[in-house]
Amino acid sequence: MGVRFGFTGTGYIAKFHAQAAAKIPDAKLVAVVNHKPESRAEFAQQFKIPRQYDTVKELLDEGEIDALVVCTPNYLHAPETIAALNASVHVMVEKPMAMNVVEAAGMLEASHKSRALLMVGHCWRFDEEVLWLKSQVDSGRLGKIIRTKGFGVHVNWGPGGWFTESKFAGGGAMADMGIHALDTARFLLGDPLPISVYAHFGTYYKPFDVDDTGMVIIHWDNGAISYVESGWWQPHADGPEAATKLYGLEGFGQLFPTFLSLPTQGKIESGYAAVRDPHCPQSMYDVQLAYFVDCICNHHTPKPGGAEGLINVKVVDAAYESARTGQVTQIR
Ligand SMILES: NC(=O)c1ccc[n+]([C@@H]2O[C@H](COP(=O)([O-])OP(=O)(O)OC[C@H]3O[C@@H](n4cnc5c(N)ncnc54)[C@H](O)[C@@H]3O)[C@@H](O)[C@H]2O)c1
């Protein structure tokens, strides 16, 4: 029968996921949700989707769906995801998983209770270059990784609309962009747990009520330290989205451009292009959604799932708290 997919939200990222689904033989695009009839009609026409709804509730009431891809503004992630999970519908929700840790924990609990799967769209875990660097780390060539430095920064650009209002987005550039660098660092480090976070945020470039500039230091339980920069409208970035540098006892490795530098062998190129265009390729989202379908078909808990998404939201929450208090936030 295949996996019958619904999509809620029909904006920028939803199109990547619909294109990915259209390529998967086991996936069927059956429903789309958006409160704006023109937007959902256009999306339905583009992807040949037969059923259209105003709300996720209407879709779930009618049923006949196996999985929902949640691509709405952040404030809708938790309610839409929990409603779907409670109806035994598997969910892939975009990052950030939720507005805060309370919501994220509720989503994870709903998944455990219903046994419907919950995946979080931390897409960089599916990128070819990230996976290449991870394989180098896992092979031990860099030795133990002591520290990482990563970037989630837009140069001379930033999003508008709901992204810039805390009541819809939860946070600013850290919740939007910094979280990509945070999750990439955590993935490359082997998913350690955070112990403490120290951060500074500010809003300097536009009159938003969320951060457009941030610096976060995370202390992990494997002894490593990660430094993450987040930003919108910055005059410069030391690397593109999710670019991460790894400093190991035996060598250095980095993403974008992706290479290793080992004391005994010099610079070792990955074979990937120095500059990617586009930086966020469709192929990354294709692999991500194919993995979700595979998890559904084979009853595997997705990774990154609710557990990984929750850790990231915990770090983001802790970072905002640290910036507010001026103190290091301990995470338990
Ligand atoms: N993983 C990535 O690379 C990546 C990239 C961009 C965005 N995102 C994430 O995806 C999510 C969406 O971002 P976007 O850039 O696509 O935003 P967007 O503004 O382009 O799209 C949001 C969509 O949600 C719709 N919407 C708003 N309220 C709704 C409601 N009540 N019911 C149904 N639909 C509703 C809007 O009409 C729009 O179609 C965000 O959480 C964002 O952080 C992830």
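This one's a predicted model, so the numbers in the text were calculated from it and none came from an experiment. Note that ligands are numbered from 1 as they come in the structure, with each ligand's atoms numbered from 1 the same way.
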Nearest non-hydrogen protein atom, [atom]:
atom                    : value
atom 18 (P) of ligand 1 : Trp162 NE1, 3.9 Å
atom 41 (O) of ligand 1 : Asn74 OD1, 2.7 Å
atom 39 (O) of ligand 1 : Thr10 N, 2.9 Å
atom 1 (N) of ligand 1  : Glu94 OE1, 3.1 Å
atom 22 (C) of ligand 1 : Cys71 O, 3.7 Å
atom 5 (C) of ligand 1  : Ile13 CD1, 3.5 Å
atom 26 (N) of ligand 1 : His35 CE1, 3.7 Å
atom 37 (O) of ligand 1 : Asn34 ND2, 3.0 Å

Which atoms of ligand 1 are found less than 4.0 Å from any heavy atom of [X]?
X     : answer
Gly11 : 16 (O), 20 (O), 21 (O), 23 (C), 38 (C), 39 (O)
His77 : 41 (O)
Pro96 : 43 (O)
Thr8  : 33 (C)
Leu76 : 28 (N), 29 (C), 30 (C), 31 (N)

Verify the neighbour count for atom [atom1] of [X]: are there more than 12 heavy atoms of other residues, nucleotides or ligands below 6.0 Å?
X      : atom1 : result
Lys113 : NZ    : no
Gln45  : CD    : no
Lys144 : NZ    : yes

Check: When the ring planes of Tyr320 and Phe201 are compared, do they come out parallel, tilted or perpendicular, using 30° and 60° as the limits?
Finding: tilted
At a 4.0 Å cut-off, with the gap strictly under it, does some heavy atom of [X] reach an atom of ligand 1?
X      : result
His180 : yes
His122 : no
Ala169 : no
Cys280 : no

I need the contact type for [X] against ligand 1. Using non-hydrogen atoms and a strict under-4.0 Å cut-off, is it side chain, backbone, both or neither?
X      : answer
Val56  : neither
Thr55  : neither
Cys123 : side chain

Next item on the list: Report yes if the distance between the aromatic ring centroids of Phe256 and His279 is under 6.0 Å, otherwise no.
Entry: yes
Next item on the list: Please determine, by modelled atom types, if Ser270 and Thr258 share a side-chain donor-acceptor pair under 3.5 angstrom.
Entry: no
Check: Do you see a donor-acceptor pair shorter than 3.5 Å between the side chains of Asp176 and Trp232?
Finding: yes
Note to self: With a 4.5 Å cut-off on side-chain heavy-atom distances among I, L, V, M, F, W and Y, is there a chain of contacts connecting Ile179 to Val130?
What the structure shows: yes
Notebook entry, point to check: Counting heavy atoms only, which of Phe163, Trp124, Tyr285, Tyr12 is nearest atom 13 (O) of ligand 1?
Noted result: Phe163
Check: To which of Met177, Lys36, Glu241, Lys95 does the heavy atom nearest atom 42 (C) of ligand 1 belong?
Finding: Lys95
Margin query: Does the structure place the NZ or CZ of Arg125 under 6.0 Å from the centre of the six-membered ring of Phe187, at an angle of no more than 45° from the ring's axis?
Written below: no
Next item on the list: Establish, for the pair Lys267 and Phe259, whether the NZ or CZ atom is under 6.0 angstrom from the six-membered ring centre and no further than 45 degrees off its axis.
Entry: yes
Next item on the list: Quickly, which of Leu289, Val70, Val120, Leu118 forms a side chain to side chain contact (heavy atoms under 4.5 Å, CB included) with Met92? Name it, please.
Entry: Leu289
Note to self: Which heavy atom of Leu189 sits nearest to which heavy atom of Ala224, and what is that distance?
What the structure shows: CD2-CB, 3.9 Å
Next item on the list: Please check if the side chain of Asp212 supplies one atom and the backbone of Tyr204 the other of a donor-acceptor pair under 3.5 Å.
Entry: yes
